[in-house]
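Structure first, commentary second.
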Amino acid sequence: MQVPDIAGVRVAVLMGGRSAEREVSLNTGEQVVAALRERGADAFAIDTADASFIDDVRASRPDVVFICLHGRYGEDGTVQGLLELLDLPYVGSGVLASALAMDKVASKHVFAGCGVPTPEYVVVRRGRPWREEDVAAAVGERCVVKPASEGSAIGVSIVHDPSELREAIETAFRYDDVVLVERFIAGTEVTVGVLGTSAPFALPTLEIVPEHEFYDYESKYVPGMSRHIIPARIPEAARKRCEELAVAAHEALGCSGVSRTDIIVEPDGRAWVLEVNTIPGMTRTSLLPDAARAAGIEFPDLCALLVGYALEESSGAD
C-alpha cells in the first residue's frame, strides 16, 4: 500500500459544528490538520458552527475537504450533500451511506436485508404507545436503549430489568424522537476499521475494555477510562469473522474511504454487528488510528491515505 504524496494539496478540514459531539470534533480536527501539514499538505481548519462556514469553504477554494464532524450536521449526510452541490471532493462516504449509518434503525434494516448479523431490536417512537412487557418479550429483559441518530454513546443506557426501561427510553428521547431498543449480548466488544474505495480492506480487530459497564462517553474520551487491545483476545477464527463482517457492513451501507464497525463477540465466537461509524474519531489515540498503527500505518500516513482516496474517487467520477 503506497501512501500518496499530498504535498501542496489544499485541504479544508471541517470541524466543531453544532452537534452534541462538538468538543470531540474540535479535537479530531486539530490533530488531522497537524498530521496533514506534517505530510506537506496546505491544511487549514474551518469551524461549521454557523452557516457562514459555507462562504469560508467556497472562498478558500480547497482541492479536497476532510470532514471531522461527528454526529448530526456532519456525519449524517447533510454536509456531504452540501459539498456535492459545491462540486468539492471530500473524505469518506457519500450522502446516502452517511445517512444510513447515522440512523441506527435504518442501518439495522439494511443489515437484516443483507444478511449481516445484528442483535434483535424494537423501535419506540415519541408519541406512540408502547409497553414494557412487549419490549421485554421481543428483546429480553436485559437490553440496550439508544437514540436512533446520535454518536459517542450519548443517551445510551443498559437496562437490567423492565422496570428500568421507561427511564432509559425517556433519557434517549432527550436526543431523538426515535429510540432503538436492542437485545443485550454479553461478550467481548471489538471494533474493526475499514479502509479503501473499490477494494475495501479491514484493519486488525481491536478489543475495547472500558472501565464502566459499557463503552460510554467518559470511557471514550477520558484518559485511562478504557484500554485498546490489539489483536483482540478472541479466537483467530472470530477475529477473521469480525473483519469479514466489518467489510460486509461497510459495503452493505455503501460506505467509501473509511468506516469503523462496532461488534460484540459472544464466548462461543458468534459475532454481532452493532453499528457503523462513517467518521470515526481521528485523534492519534482514537480507535481507528490505533488499529491502523497496528497495521503499520502511522497517523499522518492514515490522514494522507484518506485524502488520496477522496482525490482518487473524484478523478474517477470525472
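Just so you know, these numbers come straight off a predicted model, no measurement behind them.
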- prompt: Linking I/L/V/M/F/W/Y whenever any side-chain heavy atoms sit under 4.5 Å apart, do Met102 and Val79 land together?
  reply: no
Heavy-atom side-chain contact between Arg233 and Thr188 under 4.5 Å: no
message: Between Ser286 and Thr283, is the side chain to side chain donor-acceptor pair (under 3.5 Å) condition met? List the steps.
response: CA-CA 5 Å; Ser286 295; Thr283 68; 2.6 Å; yes
message: Under a 4.0 Å threshold between the charged nitrogen and the carboxylate oxygen, would Glu182 count as salt-bridged to Lys104?
response: no
statement: Here the pair of heavy atoms bringing Leu288 nearest to Ser259 is CD1-O, 4.0 Å
query: Which distance, rounded to the nearest 0.5 Å, do you find between the OG1 of Thr78 and the CG of Leu69?
result: 8.0 Å
message: With a 3.5 Å distance limit and no angle check, can you tell me whether Asp63 reaches the backbone of Arg10 through a side-chain donor-acceptor pair?
response: yes
Counterpart residues, side-chain hydrogen bond (donor to acceptor under 3.5 Å, both in side chains), relative to Arg174 (two or more places apart): none
- prompt: Taking atom OG1 of Thr261 and atom CG of Leu253, what is their separation to the nearest 0.5 Å?
  reply: 8.0 Å
task: Kindly write out the residues that satisfy side-chain hydrogen bond (donor to acceptor under 3.5 Å, both in side chains) with Ser163, not counting sequence neighbours, or none if the list is empty.
output: Asp161
Atom pairs and distances, donor-acceptor, side-chain atoms in residues 86-95, under 3.5 Å, two or more places apart:
unit_1 : atom_1 : unit_2 : atom_2 : d
Tyr90  : OH     : Glu84  : OE2    : 2.7
Ser93  : OG     : Ser256 : N      : 3.0

Point-to-point distance, once rounded to the nearest 0.5 Å, from CG of Leu302 to CG of Leu203: 8.0 Å
task: Taking Arg72 for its side chain and Arg18 for its backbone only, find out whether a donor-acceptor pair lies under 3.5 Å.
output: no
field: Any donor-acceptor pair under 3.5 Å from His250 side chain to Cys255 backbone
entry: yes
message: Before you tell me yes or no, could you show the steps for Val9 and Leu311 under side chain to side chain contact (heavy atoms under 4.5 Å, CB included), namely the whole-Å CA-CA distance, both residues' side-chain angles and the distance that decides it to 0.1 Å?
response: CA-CA 10 Å; Val9 175; Leu311 294 172; 4.2 Å; yes
- line: For Ala238 and Val265, the nearest pair of non-hydrogen atoms, with its separation, is CB-CG1, 4.2 Å
- request: Quick one: closest heavy-atom pair of Arg239 and Ala232, and the distance?
  value: NH1-O, 3.0 Å
statement: Closest non-hydrogen atoms of Ala186 and Pro267, given as atom of the first, atom of the second and distance, are O-CD, 3.8 Å
- prompt: Linking I/L/V/M/F/W/Y whenever any side-chain heavy atoms sit under 4.5 Å apart, do Ile263 and Phe111 land together?
  reply: yes
query: Should we count CZ of Arg126 as having more than 12 external heavy atoms under 6.0 Å?
result: yes
Member of Leu36, Asp47, Ile46, Ile67 meeting the side-chain contact (heavy atoms from CB on, under 4.5 Å) criterion with Val13: Leu36
query: Pick one: which of Val179, Val178, Asp177 meets side-chain contact (heavy atoms from CB on, under 4.5 Å) with Arg125?
result: Val178
field: Listed partners of Arg241 passing side chain to side chain contact (heavy atoms under 4.5 Å, CB included), at least two apart
entry: Pro117, Glu244, Leu245, Ala271
query: Does the side chain of Val105 reach to within under 4.5 Å of the side chain of His109, using non-hydrogen atoms?
result: yes
statement: With sequence neighbours left out, the residues meeting salt bridge (charged side-chain N to carboxylate O under 4.0 Å, His left out) with Glu141 are none
- prompt: Could you give the distance from CD1 (Ile230) to NE2 (His228), rounded to the nearest 0.5 Å?
  reply: 8.5 Å
field: hydrophobic_cluster_shared for Val273 and Val190, side chain cutoff 4.5 Å
entry: yes
- request: Could I get the full list of side chain to side chain contact (heavy atoms under 4.5 Å, CB included) partners for Glu243, not counting sequence neighbours?
  value: Val192, Ala202, Thr205
query: So Phe184 and His160, side chain to side chain contact (heavy atoms under 4.5 Å, CB included) or not? Walk me through it.
result: CA-CA 9 Å; Phe184 178 87; His160 307 84; over 6 Å; no
message: Please evaluate residues Tyr121 and Val123 with respect to the criterion side chain to side chain contact (heavy atoms under 4.5 Å, CB included), reporting the C-alpha separation (whole Å), side-chain torsions for both, the decisive distance (0.1 Å), and the verdict.
response: CA-CA 7 Å; Tyr121 64 99; Val123 179; 4.2 Å; yes
query: Where the side chain of Asp262 meets the backbone of Leu274, is there a donor-acceptor pair that is under 3.5 Å apart?
result: no
task: Please report the C-alpha distance between Ser107 and Glu275 in whole Å, then the side-chain angles of each, then the deciding distance to 0.1 Å, and finally whether the side chain to side chain contact (heavy atoms under 4.5 Å, CB included) criterion is met.
output: CA-CA 7 Å; Ser107 59; Glu275 62 184 82; 5.5 Å; no
task: Please answer whether the main-chain N or O of Ile279 pairs with a side-chain N or O of Glu75 as donor and acceptor at a distance below 3.5 Å.
output: yes
Results of side chain to side chain contact (heavy atoms under 4.5 Å, CB included) for Ala106 - residues two or more places apart only: Leu100, Asp103
- prompt: With distance as the sole test, does Ser157 use its side chain to make a donor-acceptor pair with the main-chain N or O of Val145 at under 3.5 Å?
  reply: no
- prompt: If you measure from CD1 on Ile169 to CG on Leu180, what distance do you get to the nearest 0.5 Å?
  reply: 10.5 Å
message: Taking side-chain hydrogen bond (donor to acceptor under 3.5 Å, both in side chains) as the definition, give me every residue that meets it alongside Ser60, ordered by chain and number, with sequence neighbours left out.
response: none
- prompt: Looking only at heavy atoms, what is the nearest atom pair of Phe44 and Pro62, with distance?
  reply: CZ-CB, 4.4 Å
statement: Across all chains, not counting sequence neighbours, the side chain to side chain contact (heavy atoms under 4.5 Å, CB included) partners of Tyr175 are Pro147, Glu150, Ile154
message: Quick one, Glu266 and Trp272 - any side-chain contact, counting heavy atoms below 4.5 Å?
response: yes
message: I'd like to know whether OH of Tyr73 has more than 12 heavy-atom contacts from other residues, nucleotides or ligands below 6.0 angstrom.
response: no
- prompt: What salt bridge (Lys or Arg N to Asp or Glu O under 4.0 Å) pairs are there with at least one residue in residues 289-305, not counting sequence neighbours?
  reply: Arg39-Asp301, Asp290-Arg293, Arg293-Glu298
- prompt: Looking only at heavy atoms, which two atoms of Gly16 and Thr48 are closest? And how far apart?
  reply: C-OG1, 4.4 Å
field: Val124 and Phe173, any side-chain heavy atoms less than 4.5 Å apart
entry: yes
task: Could you tell me the separation between the SG atom of Cys114 and the CD atom of Glu251, rounded to the nearest 0.5 Å?
output: 10.0 Å
- request: Sort and list the pairs that fulfil salt bridge (Lys or Arg N to Asp or Glu O under 4.0 Å) and have at least one residue in residues 27-37, not counting sequence neighbours.
  value: none
query: Is Phe201 reachable from Leu305 through a run of hydrophobic residues whose side-chain heavy atoms are each under 4.5 Å from the next?
result: yes
- prompt: Judged by modelled atom types alone, do Gln31 and Asn27 share a side-chain donor-acceptor pair under 3.5 Å?
  reply: yes
query: Between Val122 and Leu165, is there a shared hydrophobic cluster once you connect ILVMFWY residues whose side-chain heavy atoms come closer than 4.5 Å?
result: yes
message: Test of understanding: with side-chain hydrogen bond (donor to acceptor under 3.5 Å, both in side chains), list the residues that count as partners of Glu132, not counting sequence neighbours.
response: Arg166
